[in-house]
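In each ligand, atom 1 is the first atom listed, and ligand 1 is the first ligand listed. Counting from 1, the numbers follow the sequence of the chain as shown.
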Amino acid sequence: MIIKEIYVRKMKMMLKTPFVTSFGTLQEKDFLVLEVKDELGNTGWGESVAFRAPWYTEETLETNLHMIKDFLIPMVIGKEIDHPDEVGTLFAAIRRNNMAKAAVEGAIWDLYAKRKKLTLAQALGGQRDKIEVGISIGIHENHADLVTAVQGFIDQGYKRIKVKIKPGHDIEVIRELRKHFPDVPLMADANSAYTLKDVNLLKQLDAFHLMMIEQPLASDDIIDHAVLQKQLQTPICLDESIHSLEDARKAVELGSTKVINIKIGRVGGLSEAKRIHDYCMEQGIPVWCGGMLEAGIGRAHNIALTTLPNFILPGDTAGSSHYWERDIISPEVVVDGGYIAVPTAYGIGYEPDLEGMKKFTVDEIRFNG
Ligand code: OSB
Ligand code: MG
């Protein structure tokens with residue numbers, strides 16, 4: 001296929017409820033949507049998941065825009081690409097900037113699947129027709145509010161509850177949740193808020209049989225996590241530390257992680273996500289699909305990826321209505337009894353709602369080759 005035309009749209013949408021982490025509160029979600037067209041009139045869609053501020057990784061909406069506009073689009077526009085795995089090779093001269101790369105590569109994967117008359121899930125080699133999902137709940141300072149929120153998500157059928165923890169808001173929170181929900185599949189995400197000095201505190205979590213603790217230590221660490229894992233019964237799951245298959249291999253070999261959270265944006269695209277998945281499957285390391293508070297296009301990519309066989313733990317891909325008054329795809333992503341039915345239309349399987357998207361579009365740039 002020949003990449004003929006690309007639109008980059010800058011979007012601004014409001015989350016229904018502010019998302020609170022150890023870094024701050026996010027309510028306005030700014031992101032990029034990419035629309036890529038081939039010479040036959042097929043269209044592929046991608047979403048950049050970088051936030052406005054660089055608190056989760058070093059990337060931001062504006063660094064993504066810069067990379068996409070000034071480096072990545074010039075590397076693909078007018079080019080003939082037989083398979084999306086080639087995009088990574090074209091981008092090899094650019095270090096990191098994984099979320100920017102993933103947005104372009106994701107749109108090309110959608111385009112490829114549509115051209116081949118496959119669902120994106122099938123194009124990736126996925127098999128499932130439904131996926132299991134959990135919920136990620138931001139920090140609630142008030143325990144009673146958190147308990148009410150958790151009960152609501154259990155009632156909606158979510159298969160796993162993830163809560164955020166930070167120093168001063170950890171053991172007591174988990175103790176309270178276990179008092180109310182002794183058997184619910186529960187995990188905690190620390191977003192790098194601790195250091196090895198906190199080993200004794202983190203060991204106290206072992207009493208609450210959590211499914212895992214996500215990214216307790218520094219975002220660029222794999223050494224200290226290995227030291228910590230030796231002292232914890234609770235499995236460690238790395239999120240921020242994993243940017244590539246090489247990172248995954250080193251973390252697994254060192255014993256720094258027993259589970260991996262795969263985010264397409266963080267690892268630079270679906271091809272690398274699949275390679276990490278395949279490696280983890282060989283190693284007996286279960287994976288699950290993380291979330292970046294995506295709008296519908298990014299969410300659709302997550303759903304397709306989760307159909308691969310080693311995604312054996314519920315992901316953070318909740319339904320559209322959890323985040324948005326109105327999503328930018330039709331139909332929206334619906335969670336029923338903790339499952340999302342994998343769409344059967346070609347490509348990402350959801351139709352971007354062009355009229356609806358206009359309301360949230362603050363800028364649009366067109367490229368052609
Ligand atoms: O650490 O997994 C995380 C959201 C933004 C940035 C990082 C994380 C998260 C979440 C929410 O936990 C996942 C979601 O609902 O999309
Ligand atoms: Mg996380």
Side-chain angles (χ1 to χ4, degrees), residues 13 15-31 47-61 98-99 102 131-140 146 149-150 153 156 158-166 186-194 210-221 225 235-243 247 251 257 259-267 273 287-303 305-306 313-324 327 333 335 338 340:
M13 283 166 73
L15 287 166
K16 267 187 183 170
T17 33
F19 193 77
V20 185
T21 68
S22 51
F23 294 93
T25 301
L26 198 147
Q27 179 143 37
E28 266 181 356
K29 172 92 202 245
D30 304 86
F31 62 98
E47 182 174 324
S48 141
V49 298
F51 298 118
R52 193 158 56 192
W55 60 269
Y56 171 75
T57 69
E58 64 275 27
E59 292 182 84
T60 70
L61 170 93
N98 284 350
M99 293 176 185
I131 62 160
E132 259 192 329
V133 288
I135 190 86
S136 172
I137 307 175
I139 289 175
H140 286 59
L146 179 61
V150 169
F153 293 121
Q156 288 176 54
Y158 282 98
K159 298 283 184 191
R160 173 224 73 192
I161 303 292
K162 159 170 148 183
V163 293
K164 298 280 183 181
I165 55 169
K166 63 177 183 181
L186 180 66
M187 60 175 287
D189 185 358
N191 287 111
S192 303
Y194 299 90
L210 299 179
M211 295 170 82
M212 68 195 94
I213 177 168
E214 186 176 346
Q215 196 73 37
L217 309 180
S219 64
D220 57 358
D221 170 78
H225 279 100
I236 292 177
C237 167
L238 289 178
D239 172 355
E240 282 90 329
S241 295
I242 305 296
H243 298 268
D247 286 349
T257 196
V259 179
I260 290 182
N261 166 342
I262 298 182
K263 291 188 186 175
I264 302 165
R266 169 166 42 70
V267 304
V287 303
W288 53 277
C289 184
M292 290 288 283
L293 313 167
E294 287 91 344
I297 292 164
R299 197 161 296 281
H301 282 85
N302 289 343
I303 294 166
L305 179 67
T306 306
L313 296 164
D316 275 346
T317 307
S320 297
S321 67
H322 171 59
Y323 306 87
W324 317 110
D327 205 341
V333 174
V335 173
I340 294 172

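Just one residue in the list N261, T257, L217, V259 forms a side chain to side chain contact (heavy atoms under 4.5 Å, CB included) with L238, and that residue is T257.
Residue T317 does not touch ligand 1, judged by heavy-atom distances below 4.0 Å. Contacts with ligand 1 closer than 4.0 Å are made by no heavy atom of Q215, backbone or side chain. Contacts with ligand 1 closer than 4.0 Å are made by side-chain heavy atoms of W55 only, the backbone lying farther away. In T21, neither the side chain nor the backbone holds a heavy atom less than 4.0 Å from any atom of ligand 1. With a 4.0 Å cut-off on non-hydrogen atoms, I135 does not touch ligand 1 at all.
Here the N, O or S atom of D239 that is nearest to the Mg ion (ligand 2) is OD2. Distances from the Mg ion (ligand 2) to the N/O/S atoms of D189 are shortest for OD2.
Taking any N or O of K263, backbone or side chain, at least one lies under 3.5 Å from an N or O belonging to ligand 1. For a threshold of 3.5 Å applied to N or O pairs, the pair formed by S136 and ligand 1 contains at least one separation below that value. Checked by distance only, ligand 1 and E240 stay at 3.5 Å or farther apart across all their nitrogen or oxygen atoms. Considering backbone and side-chain atoms together, Y323 places an N or O closer than 3.5 Å to an N or O of ligand 1.
The nearest heavy-atom contact from the protein to atom 16 (O) of ligand 1 is L293 N, 2.8 Å. Among protein heavy atoms, atom 5 (C) of ligand 1 sits closest to F51 CZ, 3.5 Å. Looking at atom 1 (O) of ligand 1, its nearest protein heavy atom turns out to be N191 ND2, 2.8 Å. Looking only at heavy atoms of the protein, atom 13 (C) of ligand 1 is closest to G291 O, 3.5 Å. Nearest to atom 4 (C) of ligand 1 among the protein's heavy atoms is F19 CE2, 3.7 Å.
Both the sub-6.0 Å distance and the 45° axial angle are not jointly satisfied by R52 relative to the ring of F31.
Near K164, meaning under 4.0 Å from one of its heavy atoms, ligand 1 places the atoms 1 (O), 2 (O), 3 (C), 8 (C), 9 (C), 10 (C), 12 (O). Contact atoms of ligand 1 toward D239: 1 (O), 2 (O), 3 (C) (distance under 4.0 Å to a heavy atom of the residue). If you number the atoms of ligand 1 from 1 as listed, the ones under 4.0 Å from a heavy atom of E214 come out as 2 (O).
We find the CZ-OG distance between R266 and S219 to be 11.0 Å, quoted to the nearest 0.5 Å. Atoms CD1 and CG, from I131 and L305 in turn, are 9.5 Å apart once rounded to the nearest 0.5 Å.
Side-chain contact check for I135 versus H322: some heavy-atom pair is nearer than 4.5 Å. Looking at P216 and H225, their side chains come closer than 4.5 Å, going by heavy atoms from C-beta outward. Counting heavy atoms from C-beta on, the side chains of V335 and Y158 come closer than 4.5 Å. Proximity of L26 to T21: side-chain heavy atoms (C-beta onward) are nowhere separated by under 4.5 Å. Side-chain contact between E28 and F51 is absent, with no heavy-atom pair separated by less than 4.5 Å. For the pair L313/M211, a side-chain contact is recorded, criterion being any heavy-atom separation below 4.5 Å from C-beta on. Residues E59 and S48 form no side-chain contact, since every pair of their non-hydrogen atoms from C-beta on lies 4.5 Å or further apart.
At least one N, O or S atom of E214, from either the backbone or the side chain, sits less than 2.8 Å from the Mg ion (ligand 2). Taking backbone and side-chain atoms together, D316 has no N/O/S atom less than 2.8 Å away from the Mg ion (ligand 2).
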* Stepwise side-chain contact (heavy atoms from CB on, under 4.5 Å) test for S241 and Q215 -> CA-CA 8 Å; S241 295; Q215 196 73 37; 2.9 Å; yes
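Residue contacts with ligand 1: K162 is included, with a non-hydrogen atom under 4.0 Å away.
Ionic pairing of R160 and D316 is present here: one or more N-O contacts between side-chain nitrogen and carboxylate oxygen are shorter than 4.0 angstrom.
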